[in-house]
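First up is the structure itself, then whatever we jot down about it.
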Amino acid sequence: MDTMRDEKRKAIPALGFYPQDEISTGTTLIAMEYNGGVVVGTDSRTSAGSFITSRATNKITPITDNMVVCRSGSAADTQAIADIAKYHIDVYTMTENKPVTIYRSSQIFRQFLYNYREQLSASVLVAGWDSELGGQVYAIPIGGFVSRQRSTASGSGSTFVQGFLDSQWRPDLTLEECKAIVKQAVGLATFRDGSSGGVVRLAVIDKTGSKFELFRPDKPGFPFVQTPTPHLSFPPHIEQVL
């Protein structure tokens with residue numbers, strides 16, 4: 001069987017073949033259930049390797065009045081999947097004359113992410129509220145596996161805050177408590193993750209619908225992190241001013 005060599009192949013302009021190195025992307029997505037609904041939060045940075053392509057991306061995409069999807073991975077792939085899944089959900093809603101449940105909607109996303117797992121670079125969090133199960137969060141990583149979560153994080157910033165989320169969640173969380181936890185988690189992730197940053201976007205989804213909020217670094221309410229004062233980096237005989 002023929003195999004491709006590991007080294008980068010040369011371009012063939014006559015055939016329109018221009019091989020490219022893999023571009024690393026990063027983001028921070030947070031979702032948490034509370035007593036009455038779901039709160040999701042994201043950063044707004046879109047990056048391609050070390051280049052920041054956008055500082056104000058909206059990674060929370062409304063699907064219905066009571067459901068959103070948070071997107072990470074390739075921006076083009078996740079936008080296409082969100083549009084296709086929304087179309088199917090709208091069609092099922094009209095033909096059956098009743099809203100599609102959040103669980104069933106997550107399975108629609110799963111079907112496309114699994115069937116095209118070799119072609120797509122896409123991971124999503126499906127969050128919403130319905131009359132059957134209330135607030136729900138479903139995590140669908142690359143590959144199409146679905147799992148319901150009480151609280152979860154996705155993207156490159158998730159490794160910095162997963163333990164924080166586990167320690168903060170409890171069954172009787174109020175809306176304000178849940179919003180504070182999600183906002184703080186996004187702030188902690190963006191502080192340490194170089195691929196996350198920008199503004200903080202929050203969405204609250206409950207039986208009344210979806211409400212969106214935005215927190216800017218130059219306005220009150222943005223989750224700043226206070227770091228400890230560092231030790232002096234030069235030898236003691238060199239005078240330093242902190």
Side-chain angles (χ1 to χ4, degrees), residues 1 3-4 19-33 38-43 46-48 57-96 98-159 161-162 165-166 189 193 195-196 203 205 210:
M1 182 179 66
T3 58
M4 301 302 297
Q20 297 179 353
D21 294 327
E22 181 179 356
I23 297 177
S24 61
T25 59
T27 189
T28 296
L29 309 179
I30 309 292
M32 179 175 286
E33 297 178 358
V38 177
V39 176
V40 300
T42 72
D43 72 317
T46 299
S47 57
T57 302
N58 190 354
K59 303 175 184 178
I60 305 175
T61 301
I63 301 299
T64 67
D65 291 341
N66 298 91
M67 179 171 56
V68 301
V69 61
C70 301
R71 305 174 291 106
S72 66
S74 166
D77 291 348
T78 56
Q79 287 172 354
I81 290 298
D83 290 341
I84 295 170
K86 176 178 172 57
Y87 169 79
H88 282 76
I89 293 169
D90 288 344
V91 169
Y92 288 136
T93 300
M94 289 186 294
T95 56
E96 298 173 5
K98 64 178 182 179
V100 177
T101 64
I102 308 303
Y103 172 76
R104 185 180 174 191
S105 299
S106 71
Q107 295 301 313
I108 294 174
F109 276 94
R110 177 205 59 79
Q111 178 182 9
F112 292 109
L113 292 174
Y114 177 79
N115 289 342
Y116 299 98
R117 61 191 181 279
E118 300 294 338
Q119 293 82 22
L120 298 176
S121 175
S123 172
V124 300
L125 300 179
V126 179
W129 183 95
D130 60 39
S131 58
E132 294 187 9
L133 297 176
Q136 301 152 69
V137 174
Y138 295 95
I140 312 178
I142 294 176
F145 178 78
V146 181
S147 62
R148 183 177 177 182
Q149 303 288 330
R150 301 290 188 184
S151 67
T152 188
S154 180
S156 59
S158 63
T159 56
V161 295
Q162 191 64 66
L165 292 174
D166 292 341
D193 179 31
S195 297
S196 301
I205 307 97
S210 303

V40/L125 under side chain to side chain contact (heavy atoms under 4.5 Å, CB included): CA gap, chis, key distance, verdict: CA-CA 9 Å; V40 300; L125 300 179; over 6 Å; no
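- Of all non-hydrogen atoms in V68 and S210, the two that sit nearest each other are CG1-OG, 4.2 Å.
- In terms of heavy atoms, Q162 sits closest to S151 at NE2-O, 4.2 Å.
- With 3.5 Å as the limit, one finds a donor-acceptor pair spanning the side chains of T28 and S196.
- Results of the side-chain hydrogen bond (donor to acceptor under 3.5 Å, both in side chains) test with T57 over T46, T27, T42 single out T46 as the only residue that passes.
- To the nearest 0.5 Å, atom CD1 of residue I140 and atom SG of residue C70 are 11.5 Å apart.
- Q149 and A139 make their closest contact through CG-CB, 4.1 Å (heavy atoms, listed as atom of the first residue, atom of the second, distance).
- The side-chain heavy atoms of V126 and M67, taken from C-beta on, include a pair separated by under 4.5 Å.
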- prompt: Does the pair D77 and S121 meet the rule for a side chain to side chain donor-acceptor pair (under 3.5 Å), with working shown?
  reply: CA-CA 7 Å; D77 291 348; S121 175; 5.3 Å; no
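- The CZ atom of R150 sits 13.0 Å away from the CG atom of D166 when rounded to the nearest 0.5 Å.
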Mind listing the side-chain donor-acceptor pairs of residues 108-115 below 3.5 Å, one per line with the distance, residues two or more places apart or on another chain?
{"unit_1": "R110", "atom_1": "NE", "unit_2": "Q107", "atom_2": "OE1", "d": "2.8"}
{"unit_1": "N115", "atom_1": "ND2", "unit_2": "Q111", "atom_2": "O", "d": "3.1"}

Atom pairs and distances, donor-acceptor, side-chain atoms in residues 81-88, under 3.5 Å, two or more places apart:
{"unit_1": "K86", "atom_1": "NZ", "unit_2": "I63", "atom_2": "O", "d": "2.9"}
{"unit_1": "H88", "atom_1": "ND1", "unit_2": "I84", "atom_2": "O", "d": "2.9"}

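- Looking at every heavy atom in both residues, Q136 comes nearest to Y103 through OE1-N, 3.8 Å.
- Open room surrounds CG on D65; 12 or fewer heavy atoms of other groups in view lie less than 6.0 Å from it.
- A pairwise comparison of heavy atoms in I142 and S123 identifies N-CB, 4.0 Å as the closest pair.
- Distance OG1/T64 to CD1/I205: 9.5 Å, rounded to 0.5 Å.
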task: Run the numbers on S158 and L29 for side chain to side chain contact (heavy atoms under 4.5 Å, CB included), then give the verdict.
output: CA-CA 7 Å; S158 63; L29 309 179; over 6 Å; no
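- Nearest heavy-atom pair, A153 versus V161, reported as atom, atom and distance to 0.1 Å: CB-CG2, 4.2 Å.
- Classification of E132 and R104 as a salt-bridged pair fails, no side-chain N sitting under 4.0 Å from a carboxylate O.
- Of the charged side-chain nitrogens involved, at least one lies within less than 4.0 Å of a carboxylate oxygen, so that D43 and K59 count as a salt-bridged pair.
- In summary, the side chains of D130 and T101 do not present any donor paired with an acceptor at a separation below 3.5 Å, with no hydrogens or angles considered.
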